[in-house]
Amino acid sequence: MLLDKYLHIKREDNEVKKLLLFVAMVAVMLVAAACGSGSEETTSETNEQTASEQTEATEDVAEEATTELEGSVVVDGSGTVYPLMSVVAEEYMYTEQENVSVEVSRAGTSAGFGRFLVENGTDFNNASREIKNEEMAEADAAGFEVMEMKVALDGLTFVINKENDWATELTKEELISIFKHDGGVTKWSDIRPEFPDEEIHAMGPNENHGTYEFFYEKILEKEDLVDGVNLQQEYSTLVNLVSEDVNGIAFFGFGYYVNNQDKLQAVHVDFGNGPVEPTLETIGEDADYAPFTRPVFTYLNVDNAKANPQVLDFALFVANNVNEFAGQTGFAPLPEEEVLAYVDVLEGLK
């Protein structure tokens with residue numbers, strides 16, 4: 001979804017700025033010419049004042065057209081949000097502010113908050129879950145304000161090996177039973193008798209990731225995970241493990257599945273009205289894949305944004321443009337009114 005009212009027309013910006021400067025300069029020349037050929041009653045003092053005012057106006061336009069920011073912006077946090085934010089950062093540096101360096105890392109949501117919620121910490125922390133009360137308390141202790149910004153909607157996706165032809169459609173309850181400690185499931189045949197009598201190899205991201213916390217808190221309702229579950233720091237490791245194991249099954253954000261469809265297949269989930277495939281059309285808080293849909297976020301250090309114009313400028317670029325890049329990186333876009341609300345708040349920080 002393009003937010004026509006607010007989105008920057010990025011690659012045309014420089015040409016527009018040059019045109020504005022040219023028009024302003026022409027205006028000065030016309031005024032000067034008119035003053036020189038005016039009636040004898042026009043005094044030289046008036047001519048000089050008018051020319052001076054127009055020159056100042058031209059200089060203002062020139063300054064606005066050529067103003068460039070510099071410095072750095074530091075972003076860390078969620079591995080799930082990383083592909084989206086890294087694309088936005090690259091676009092910003094390429095089309096908006098080439099002298100601003102935006103560093104995007106992916107330590108994981110919780111580990112990222114560890115770098116963010118301290119004095120002189122990172123400017124942004126991406127998160128695939130909401131910030132916790134105790135984390136907000138850390139920000140208060142460090143003496144800065146935090147702004148939460150949703151950046152997209154993600155669908156928790158369960159992936160299996162390409163050669164797995166029996167578990168392509170599972171109910172929500174069957175999936176939970178695979179990962180739940182007391183789910184009563186260790187083999188595929190424990191789920192349905194016609195499934196292979198083979199041990200299930202359950203996998204997922206580790207505790208550093210908001211995806212793990214979302215799954216544990218919202219899907220498993222804080223029940224322990226099954227013994228022997230293979231938890232990994234890197235999503236790429238999970239992709240490789242499942243792609244090489246016909247009995248493997250893992251969960252992570254929809255974007256990682258989209259980028260690895262040649263290696264994996266997604267389980268279609270039956271929430272009670274038939275199997276639903278996770279897609280950009282079905283992922284949404286009011287869509288068919290809603291039970292496994294979650295918002296993903298970035299958190300802004302407001303004090304840093306007020307003190308460093310490049311941080312605030314990047315925050316505005318994210319708010320204005322993130323919907324354009326959401327679908328490209330495996331996320332469903334936000335409702336327009338939510339995006340515009342963030343823009344209004346950020347504009348108020350100037």
Side-chain angles (χ1 to χ4, degrees), residues 78-80 108-110 127-130 154-258 260 263-272 275-278 282-283 289-294 296 330:
S78 169
T80 298
T109 297
S110 297
S128 51
R129 59 152 172 90
E130 292 182 336
D154 180 42
L156 187 71
T157 304
F158 293 82
V159 295
I160 54 177
N161 186 276
K162 279 282 192 178
E163 296 182 10
N164 183 329
D165 59 1
W166 60 88
T168 56
E169 297 179 357
L170 296 173
T171 68
K172 174 184 176 182
E173 292 72 25
E174 287 171 338
L175 283 166
I176 290 174
S177 70
I178 292 172
F179 288 89
K180 194 174 181 179
H181 180 267
D182 59 356
V185 170
T186 58
K187 298 181 177 181
W188 290 108
S189 56
D190 293 331
I191 299 176
R192 300 182 195 176
E194 65 270 26
F195 286 0
D197 188 31
E198 298 287 342
E199 183 178 339
I200 300 172
H201 300 152
M203 312 172 196
N206 66 20
E207 295 90 341
N208 285 331
H209 293 276
T211 299
Y212 168 90
E213 294 180 82
F214 172 81
F215 182 70
Y216 171 69
E217 295 177 4
K218 303 297 183 181
I219 307 301
L220 294 189
E221 298 179 341
K222 298 186 178 181
E223 296 284 343
D224 291 340
L225 271 73
V226 65
D227 291 339
V229 62
N230 186 351
L231 302 180
Q232 295 288 331
Q233 171 66 22
E234 298 296 331
Y235 288 110
S236 58
T237 303
L238 292 172
V239 170
N240 291 333
L241 287 171
V242 176
S243 69
E244 297 169 357
D245 185 355
V246 70
N247 291 307
I249 182 170
F251 63 91
F252 42 60
F254 178 71
Y256 279 94
Y257 160 67
V258 167
N260 292 280
K263 300 178 181 179
L264 308 168
Q265 57 179 324
V267 176
H268 298 197
V269 185
D270 188 345
F271 299 105
V276 178
E277 179 184 3
T282 61
I283 293 170
Y289 205 73
F292 283 171
T293 292
R294 56 174 177 165
V296 292

Only counting residues at least two apart or in another chain, list the ones meeting ring-ring contact (aromatic ring centres under 6.0 Å, His included) with F214.
none
Between Y257 (side chain) and G330 (backbone), is there a donor-acceptor pair under 3.5 Å?
no
Residues in side-chain hydrogen bond (donor to acceptor under 3.5 Å, both in side chains) with N206, at least two apart?
Q233
Quick one: which residue pairs count as a salt bridge (charged side-chain N to carboxylate O under 4.0 Å, His left out) with a foot in residues 232-245, not counting sequence neighbours?
none
Checking Y235 against T80: is there a side-chain donor and acceptor pair closer than 3.5 Å?
yes
Set of side-chain hydrogen bond (donor to acceptor under 3.5 Å, both in side chains) partners for S236, sequence neighbours left out:
none
Donor-acceptor under 3.5 Å (T293 side chain, I283 main chain):
no
Applying salt bridge (charged side-chain N to carboxylate O under 4.0 Å, His left out) to E130 and not counting sequence neighbours gives none
Using the test salt bridge (charged side-chain N to carboxylate O under 4.0 Å, His left out), find all partners of D197 that sit at least two apart in sequence or belong to another chain.
K187
Quick one: closest heavy-atom pair of V229 and F179, and the distance?
CG2-CD2, 4.5 Å
Among all residues two or more places apart in sequence or in another chain, which pass the side-chain contact (heavy atoms from CB on, under 4.5 Å) test with S110?
R129, E213
Counterpart residues, side-chain hydrogen bond (donor to acceptor under 3.5 Å, both in side chains), relative to S78 (two or more places apart)
none
Listed partners of F252 passing ring-ring contact (aromatic ring centres under 6.0 Å, His included), at least two apart:
none
Could I get the full list of side-chain hydrogen bond (donor to acceptor under 3.5 Å, both in side chains) partners for D270, not counting sequence neighbours?
none
For residues 158-168, run the donor-acceptor check on the side chains, cut-off 3.5 Å, and write out each pair with its distance to 0.1 Å, sequence neighbours left out.
from	atom 1	to	atom 2	distance (Å)
N161	OD1	E163	N	2.7
N161	ND2	V242	O	3.0
N161	ND2	S243	O	3.0
K162	NZ	Q261	O	2.8
N164	OD1	W166	N	3.1
N164	OD1	A167	N	3.0

Crowded around E221 CD? As in, over 12 foreign heavy atoms under 6.0 Å?
no
Partner set under salt bridge (charged side-chain N to carboxylate O under 4.0 Å, His left out) for R294, not counting sequence neighbours
D154
Do V226 and I200 have side chains that get closer than 4.5 Å, going by heavy atoms?
no
Any side-chain heavy-atom pair of K172 and F292 under 4.5 Å
yes
